[in-house]
A.B. asks: 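Please find one structure pasted underneath; my questions will follow.
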Amino acid sequence: MTVEKLSMIGHVKDTPRVIKNAYNNRNEYMNSFVETFVNHNFKKVYFLGSGTSHHVSWVIKNIFVDMLGIEGVACEPTIFTHHEAEKQSGFFKPEEICVICFSQHGDSISTCEAANKAKKLGFYTIGVTEALNSVLESMTDSYCHLVCEEEEIGPETRGYTETIFQFYILAIEVAKRTGAITEDQYVALDKDALSLANNLDIIVNESIEWYNKNKKEFLQMTKSSIAGYGNNFPTAMEARLKFFETYSRPCTGYEMEEQMHGPMRAYNAENYIFLIGSEGEAEFKRLCELVPYYKDAFTEHVFVVTCEDGIEITDKDLKFTYKTTDILSPIIYIIPFQVLSALICEDVGIDTKVSPIKKRYVSSHYPAARHGNLAK
């Protein structure tokens with residue numbers, strides 16, 4: 001009997017379940033990773049991944065820097081391999097440098113090559129995959145299993161969100177064990193994670209309602225931009241990737257203020273502008289200034305996604321009824337764009353379960369039936 005693949009929106013709707021699982025079953029993935037950080041005095045950590053894994057590593061870098069006070073770098077694996085790895089300042093010894101490599105399926109060529117380069121230079125390497133016994137797992141000094149469960153289609157959603165949540169849990173556990181935070185701080189941070197796990201279904205449902213309310217307008221969209229700031233700059237970049245790789249219409253992603261430096265010359269009444277209004281006193285104040293400006297100077301198609309008070313909310317906007325902390329907020333702010341990508345494709349007849357790429361004789365992954373790049 002053939003089992004039907006879970007759809008893209010099906011994966012998004014399933015995310016709250018795997019988030020709760022990641023919270024409740026942390027001992028399944030936590031111990032080895034935490035012990036590695038406790039037993040090694042890492043001073044600098046690289047967070048590497050390609051595509052969605054790059055954006056997830058960027059968010060996680062921010063979490064680890066905030067929690068542990070380490071020097072953190074998030075960059076594309078090929079940049080690391082060919083341009084960054086050997087350009088160390090000499091301030092840190094090789095054994096004080098850790099390279100965490102994210103690849104959900106464990107077969108990304110660029111990420112595996114980066115792990116190999118890091119090991120040759122004497123850096124400690126950690127492979128992070130959902131797939132067990134992967135190429136990446138075999139190449140690294142230690143391993144952390146993602147409990148997002150295998151995603152059955154190419155555009156990754158559930159895995160992105162769960163990976164951020166799982167590494168938040170890991171970060172607070174390491175921070176507690178190393179004394180970077182107090183027991184009281186740990187309890188508060190853990191309580192934030194539990195609250196998010198118990199309320200993420202609200203975010204999913206409100207995102208679906210927002211899409212349905214604006215569906216008629218969304219279906220007229222031909223080009224768009226998504227902007228964020230702070231911890232949600234990488235959210236904007238992942239949202240842009242998700243929308244572009246599925247719906248295929250031109251979409252750009254920006255740090256909010258950077259969108260004012262050049263791109264606006266190309267904007268007109270046909271542009272759709274999405275703004276992520278996360279925490280940040282000066283930046284949020286700037287967003288409140290930009291929204292009416294964009295509507296007056298360029299386009300009526302301006303959409304704000306936020307949890308914050310202090311901005312006028314219209315029928316086009318999405319204001320969540322649940323709010324989490326700034327450091328956890330990338331988990332909730334990506335959801336509306338995953339929903340938008342999934343549902344707009346369904347409404348125009350794009351099957352996100354089927355890859356449009358037919359020729360795969362050049363691939364970014366090692367050969368596997370899943371990628372359709374096995375030698376014939």
A.B. asks: Below 4.0 angstrom, N of the basic side chain to O of the carboxylate: do Glu35 and Arg177 qualify?
C.D. replies: yes
A.B. asks: Ignoring hydrogens, what is the shortest heavy-atom contact between Gly49 and Pro77? Give both atom names and the distance.
C.D. replies: O-CD, 3.1 Å
A.B. asks: If I compare all heavy atoms of Leu136 with all of Ser103, which pair ends up nearest, and what's the gap?
C.D. replies: CD2-CB, 3.9 Å
A.B. asks: Taking atom types as modelled, find out whether Ser110 and Ser50 have a side-chain donor-acceptor pair closer than 3.5 angstrom.
C.D. replies: yes
A.B. asks: Does the side chain of His82 reach to within under 4.5 Å of the side chain of Thr78, using non-hydrogen atoms?
C.D. replies: yes
A.B. asks: Between Ile311 and Leu287, what is the shortest heavy-atom contact and its length?
C.D. replies: CD1-CD2, 3.3 Å
A.B. asks: Using the rule given for side chain to side chain contact (heavy atoms under 4.5 Å, CB included), can you reason through Glu279 versus Glu308, listing the C-alpha separation, both sets of side-chain angles and the distance that settles it, and then say yes or no?
C.D. replies: CA-CA 7 Å; Glu279 285 188 22; Glu308 302 298 312; 3.4 Å; yes
A.B. asks: Quick one: CD1 on Ile169 to CZ on Phe33, what's the gap to the nearest 0.5 Å?
C.D. replies: 12.5 Å
A.B. asks: Hey, does Ile344 have a side-chain heavy atom less than 4.5 Å from the side chain of Leu219?
C.D. replies: yes
A.B. asks: With side chains defined as the heavy atoms from C-beta onward, is the minimum distance between Tyr186 and Thr182 less than 4.5 Å?
C.D. replies: no
A.B. asks: Is the centre of the Phe298 ring less than 6.0 Å from the centre of the Tyr293 ring?
C.D. replies: yes
A.B. asks: If only atom types and distance count, is the side chain of Gln338 paired as donor or acceptor with the main-chain N or O of Thr157 below 3.5 Å?
C.D. replies: yes
A.B. asks: Which pair of non-hydrogen atoms, one from Gln166 and one from Val147, has the smallest distance, and what is that distance?
C.D. replies: OE1-N, 3.1 Å
A.B. asks: Can Glu289 and Arg286 be counted as an ion pair, charged N to O under 4.0 angstrom?
C.D. replies: yes
A.B. asks: Salt bridge or not for Lys242 and Glu156, using N-O below 4.0 Å?
C.D. replies: no
A.B. asks: Taking the side chain as C-beta and beyond, is there a heavy-atom pair between Val99 and Tyr124 under 4.5 Å?
C.D. replies: no
A.B. asks: As a quick check of understanding, evaluate side chain to side chain contact (heavy atoms under 4.5 Å, CB included) for Lys319 and Asp309, giving each step before the final call.
C.D. replies: CA-CA 9 Å; Lys319 185 176 181 182; Asp309 296 326; 2.4 Å; yes
A.B. asks: Taking 4.0 angstrom as the limit, do Glu86 and Lys117 come out as a salt bridge?
C.D. replies: yes
A.B. asks: Name the one of Thr129, Val128, Ile126 that satisfies side chain to side chain contact (heavy atoms under 4.5 Å, CB included) with Phe102?
C.D. replies: Val128
A.B. asks: Before accepting this row, confirm whether a basic side-chain N of the pair Glu71/Lys44 lies closer than 4.0 Å to the acidic partner's carboxylate O.
C.D. replies: yes
A.B. asks: Is it true that a side-chain atom of Glu300 and a backbone atom of Lys295 form a donor plus acceptor pair closer than 3.5 Å?
C.D. replies: no
A.B. asks: Salt bridge check: are Lys316 and Glu217 linked by an N-O gap of less than 4.0 Å?
C.D. replies: yes
A.B. asks: Could you check, using the six-membered ring where one of them is a Trp, whether Tyr247 and Phe243 have ring centers closer than 6.0 angstrom?
C.D. replies: yes
A.B. asks: Parallel, tilted or perpendicular: which fits the ring planes of Phe123 and Tyr46, with parallel below 30° and perpendicular above 60°?
C.D. replies: parallel
A.B. asks: May I ask you to check whether Ser225 and Gln259 show a side-chain donor-acceptor distance below 3.5 Å?
C.D. replies: yes
A.B. asks: With a 4.0 Å cut-off, would you call Arg17 and Asp201 a salt bridge?
C.D. replies: no
A.B. asks: Do you see a donor-acceptor pair shorter than 3.5 Å between the side chains of Glu162 and Thr15?
C.D. replies: no
A.B. asks: For His11, which of Ile153, Thr161, Val18 qualifies under side chain to side chain contact (heavy atoms under 4.5 Å, CB included)?
C.D. replies: Ile153
A.B. asks: Could you walk me through whether Leu189 and Met67 pass the side chain to side chain contact (heavy atoms under 4.5 Å, CB included) check?
C.D. replies: CA-CA 10 Å; Leu189 291 164; Met67 291 286 184; 3.8 Å; yes
A.B. asks: State whether Arg26 and Asp190 are salt-bridged, where the test is any N-O pair (Lys NZ or Arg NE/NH1/NH2 against Asp/Glu carboxylate O) under 4.0 Å.
C.D. replies: yes
A.B. asks: Supply the atom-to-atom distance Glu346 CD to Ser341 OG, rounded to the nearest 0.5 angstrom.
C.D. replies: 11.5 Å
A.B. asks: Is there side-chain contact between Leu340 and Phe218, with at least one heavy-atom pair below 4.5 Å?
C.D. replies: yes
A.B. asks: Hydrophobic clustering (ILVMFWY, side-chain heavy atoms < 4.5 Å, transitive) - are Tyr272 and Tyr333 grouped together?
C.D. replies: yes
A.B. asks: Do Met256 and Ile276 have side chains that get closer than 4.5 Å, going by heavy atoms?
C.D. replies: no
A.B. asks: Contact between Cys144 and Leu170 at the side-chain level, heavy atoms closer than 4.5 Å - yes or no?
C.D. replies: yes
A.B. asks: Considering only heavy atoms from C-beta outward, does the side chain of Phe320 approach that of Val305 to under 4.5 Å?
C.D. replies: yes
A.B. asks: Counting only heavy atoms not in Lys61 (residues, nucleotides, ligands), do more than 12 fall under 6.0 Å from its NZ?
C.D. replies: yes
A.B. asks: Work out which heavy atom in Tyr322 is nearest to a heavy atom in Ser195; give both atom names and the distance.
C.D. replies: OH-OG, 2.8 Å
A.B. asks: Check each of Asn232, Asn231, Thr324 against Ser329 using the side-chain hydrogen bond (donor to acceptor under 3.5 Å, both in side chains) test, and report the only one that passes.
C.D. replies: Asn232
A.B. asks: Mind listing the closest non-hydrogen atom pair of Thr125 and Ala115 along with its distance?
C.D. replies: CG2-O, 3.8 Å
A.B. asks: Take Val45 and Phe64 through the test side chain to side chain contact (heavy atoms under 4.5 Å, CB included) and record every step on the way to the result.
C.D. replies: CA-CA 9 Å; Val45 180; Phe64 272 60; 5.8 Å; no
